[in-house]
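Step one of this worksheet: look at the structure below.
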Amino acid sequence: MSRIADGNVFADLSGTSNSTTGNPYDALLEACKQEPKQIQLRYQTHRETRNDQQKSKLTSPDFSGFIIDEVLHKLVNPEINPGYVDPRNCLVFWARPPKRIRQLVETLQKRLLGYAPSLWLMPVGCLHMTVLEITHSKTEAEIEHLVNTMESKVPELTDFTYDHRARLVKPMLSYDAAAIALSFLPAAGEGLPEEKAANADAYTYHHLRRDMYGLCRSAGVEVASRYVVPSSHLTIARFVTQKDISNKDGNAVDRGKIEGLVRTLEEINGELRAKYWSEDSLTSEGSWTVGEEKGLDYRKGTLWYGGGHSHHEGKGFNFDQD
């Protein structure tokens, strides 16, 4: 019952067509005419459609098991793969969530472990949202060449969120056969006084991704992201074994167990919606602004699971000190 793969296909399920410019993030902005509510709707459509698709796949009679990342599987089983080192070097700009979001993730992880105790959990201190992936799966030498090329532009990039603030709201678990993430939507005026709501979120998370892409291109590097789909998420757990959904013989999926896991995920989402999607909570516990507490983290190395090394960290902000 082994099912090992490198990952999933990242498809845009929001209904957005290709951009007419050289910047792939422009397509959604063009389709939405820069309107925050329409941008949020595209992100919402993408994650709800994807969750519906994944729920159908997981509960299908044809479902044969989780998709297990081959590299992570080797890393968490050193007794089988002694001395194994992840060969994939990456270069990214990460957003680090503030303390209250880290605490929320920790609570969710404990809840998930109650049903699936064999989950691999992303360490809370390593949580990150990939604002822009410059490249992935390269050699260390290839990454260093890119680092040297971009060196003069890096402070501007990592500090960019200090003056370009994009708010994220409405947390929800997104999931598939490989992993579980806590995802958010670009804000569109929710939870703000009426006089501020109209313009406060005019600069969205998608605008931030577009601008970061353009700045990196202007620094002389090609951006080779794995995906540009409308998603803003923190990966919080990955499946590294079939144990939690196997029958007693360990050779097939126990349909009751996988249905129970999906039911748990959906119950949590119902609770998140009830607690964090109301107008009263949108400005505090369940939302965050990219750059809050910490600026962007320009990170390189073998960082698929939260590792790697910070080459430069940007200037963060606190609202009570602004």
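Just so it is clear, the structure is predicted and the values come from calculations on it, not from any experiment.
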Query raised in the report: Is there a side-chain hydrogen bond (donor to acceptor under 3.5 Å, both in side chains) between Y203 and D211 once you walk through the steps?
Result: CA-CA 11 Å; Y203 189 83; D211 291 348; 2.7 Å; yes

**Report entry** Stepwise salt bridge (Lys or Arg N to Asp or Glu O under 4.0 Å) check, R50 with D176
**Finding:** CA-CA 8 Å; R50 191 172 190 277; D176 56 26; 2.7 Å; yes

Query raised in the report: Does the pair H233 and R47 meet the rule for a side-chain contact (heavy atoms from CB on, under 4.5 Å), with working shown?
Result: CA-CA 10 Å; H233 63 272; R47 77 172 180 180; over 6 Å; no

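- Residues that satisfy the side chain to side chain contact (heavy atoms under 4.5 Å, CB included) test with V240, not counting sequence neighbours, are L72, V76, W120.
- Across Y25 and S225, no two heavy atoms sit closer than the pair OH-OG, 4.4 Å.
- Using the six-membered ring where Trp is involved, F239 and F66 have ring planes that are parallel, under 30° apart on the 30 and 60° scheme.
- Looking at heavy atoms from C-beta onward, V71 lies in side-chain contact with Y84 at the 4.5 angstrom threshold.
- Looking only at side-chain heavy atoms (C-beta outward), I134 and M150 come within less than 4.5 Å of each other.
- Atom CG of L132 sits about 10.0 Å away from atom CG of L296, to the nearest 0.5 Å.
- Between K57 and Q54, some side-chain heavy-atom pair lies under the 4.5 Å cut-off.
- Contacts of R217 classified as side chain to side chain donor-acceptor pair (under 3.5 Å), with partners at least two apart in sequence or in another chain: Y213.
- Remark: R273 fails to qualify as a cation-pi partner of Y276 under the 6.0 Å distance and 45° angle criteria applied to the six-membered ring.
- Listed by chain and number, the residues in a side chain to side chain donor-acceptor pair (under 3.5 Å) with T59 amount to none (sequence neighbours excluded).
- Here the side chains of R42 and Q38 are not in contact, with every heavy-atom distance at 4.5 Å or above.
- Taken to the nearest 0.5 Å, the SG atom of C32 stands 11.0 Å off from the CD atom of Q40.
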Report task. Assess whether side-chain contact (heavy atoms from CB on, under 4.5 Å) is satisfied between F184 and V290, documenting all intermediate values. Result -> CA-CA 12 Å; F184 296 82; V290 179; over 6 Å; no

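- Every residue meeting the side chain to side chain donor-acceptor pair (under 3.5 Å) condition with K300, not counting sequence neighbours, appears here in chain and number order: E144.
- Two residues are said to be in side-chain contact when any heavy atoms from C-beta on lie closer than 4.5 Å; H206 and L29 meet this criterion.
- Residue pairs meeting the salt bridge (Lys or Arg N to Asp or Glu O under 4.0 Å) criterion with at least one partner in residues 286-296, sequence neighbours excluded, are R100-E292, R102-E293.
- Considering all non-hydrogen atoms of both residues, T235 and L127 come closest at O-CD2, 3.8 Å.
- Within 6.0 Å of the CD atom in E267, the count of heavy atoms belonging to other residues, nucleotides or ligands exceeds 12.
- Counting heavy atoms from C-beta on, the side chains of Y175 and E266 come closer than 4.5 Å.
- Shown here are the side chain to side chain contact (heavy atoms under 4.5 Å, CB included) partners of S137, two or more places apart in sequence or in another chain: R88, W304.
- Judged by distance alone, with hydrogens and angles left aside, the side-chain atoms of D244 form no donor-acceptor pair with the main-chain N or O of L113 at under 3.5 Å.
- Using a 4.5 Å cut-off on side-chain heavy atoms (C-beta onward), L112 and L121 make no contact.
- In terms of modelled atom types and a separation under 3.5 Å, the side chain of S278 and the main chain of A274 share no donor-acceptor contact.
- R255 places a side-chain N or O within 3.5 Å of a backbone atom of P61 that can act as its donor or acceptor partner.
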Report task. Decide yes or no on side-chain contact (heavy atoms from CB on, under 4.5 Å) for H207 and H164, but give the supporting numbers first. Result -> CA-CA 9 Å; H207 287 93; H164 299 79; over 6 Å; no

Requested in this report: Please step through side-chain hydrogen bond (donor to acceptor under 3.5 Å, both in side chains) for the pair T158 and H312, ending with a clear verdict.
Outcome: CA-CA 7 Å; T158 55; H312 196 277; 3.1 Å; yes

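- Atom CD1 of I180 is separated from atom CG of L108 by 10.0 Å, given to the nearest 0.5 angstrom.
- Contact check for P97 versus L234: side-chain heavy atoms found under the 4.5 Å cut-off.
- Under the ring pair (Phe, Tyr, Trp, His ring centres under 6.0 Å) criterion, H311 pairs with Y298, not counting sequence neighbours.
- Across C216 and V223, no two heavy atoms sit closer than the pair CB-CG2, 3.9 Å.
- Salt bridge annotation for K170-E190: present, with a cationic side-chain nitrogen under 4.0 angstrom from a carboxylate oxygen.
- To the nearest 0.5 Å, the span separating CG on L265 from CE on M172 amounts to 10.5 Å.
- Around atom NZ of K55, no more than 12 heavy atoms belonging to other residues, nucleotides or ligands sit under 6.0 Å away.
- Formation of a donor-acceptor pair under 3.5 Å by the Q242 side chain with backbone atoms of S64 is not found in this model.
- With sequence neighbours excluded, no residue forms a side chain to side chain donor-acceptor pair (under 3.5 Å) with R263.
- Considering CG of L58 and CD of Q53, their distance stands at 11.5 Å, rounded to 0.5 Å.
- Here salt bridge (Lys or Arg N to Asp or Glu O under 4.0 Å) pairs that include residues 119-139, with residues two or more places apart or in two chains, are E133-R226.
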**Report entry** E79 vs N77, side-chain contact (heavy atoms from CB on, under 4.5 Å): CA-CA, chis, key distance, verdict
**Finding:** CA-CA 5 Å; E79 70 283 359; N77 292 285; 3.5 Å; yes

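- Hydrophobic clustering, defined by side-chain heavy atoms of Ile, Leu, Val, Met, Phe, Trp and Tyr closer than 4.5 Å, groups V92 together with W94, L303.
- Annotation: cation-pi geometry not satisfied between R238 and Y305 (NZ/CZ under 6.0 angstrom from ring centroid, within 45° of ring axis).
- In plain terms, the two heavy atoms of P36 and A202 that are nearest each other are CG-CA, 3.9 Å.
- Rounded to the nearest 0.5 Å, atoms CE (M129) and OH (Y205) are 5.0 Å apart.
- Qualifying side chain to side chain contact (heavy atoms under 4.5 Å, CB included) partners for S60, counting only residues two or more places apart in sequence or in other chains: D62.
- Remark: H145 pairs with no residue by the ring pair (Phe, Tyr, Trp, His ring centres under 6.0 Å) rule, at least two apart or across chains.
- The nearest pair of heavy atoms linking G65 to V253 is N-CG2, 3.7 Å.
- Shortest non-hydrogen contact noted between L185 and S232 is N-OG, 4.1 Å.
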